[in-house]
Amino acid sequence: MLEWILILLIIAAVASLLGFRGVAGLSAGIARILIFIVLVVILISLITGILIVA
C-alpha cells in the first residue's frame, strides 16, 4: 500500500507541475485516504500487540 501512496504522490506532483489541477487533486486525495488507512492499521496493530511486517 505504501507503493501506491508514493505512486499517487508522484502523479500528483507531476500533474500539478503540468497544470492538471483535477488529476493532481484527485490523486493527492486518494493518497491522503490511503495514508490515513495505513496509520489506522499500524495503530490498531500496535495496540493489539500484533505487528505485521511485510
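Note: hydrogens, waters and symmetry copies are ignored here, and every other heavy atom, side chains too, is used. Being a predicted model, the structure only gives us computed values, none of them experimental.
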Tell me whether [X] shares a hydrophobic cluster with [Y], the cluster being built from Ile, Leu, Val, Met, Phe, Trp, Tyr side chains joined at under 4.5 Å.
X     : Y     : answer
Val41 : Leu46 : yes
Leu6  : Ile42 : no
Leu26 : Ile11 : no
Leu39 : Leu34 : yes
Ile33 : Leu2  : yes

Which atom of Ala24 lies closest to which atom of Ser16, heavy atoms considered: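 Here Ala24 and Ser16 meet closest at CB-N, 3.8 Å.
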Testing the basics here: between Ala31 and Leu9, what is the closest heavy-atom pair and its distance to 0.1 Å?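 In this case the closest contact between Ala31 and Leu9 is CB-CD2, 3.8 Å.
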Positive for side-chain contact (heavy atoms from CB on, under 4.5 Å) with Ser27, one of Leu8, Val14, Ile7: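 It is Leu8, the one option of Leu8, Val14, Ile7 that forms the side-chain contact (heavy atoms from CB on, under 4.5 Å) with Ser27.
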In Val38, Ile44, Ile37, the residue satisfying side-chain contact (heavy atoms from CB on, under 4.5 Å) with Val40 is Ile44
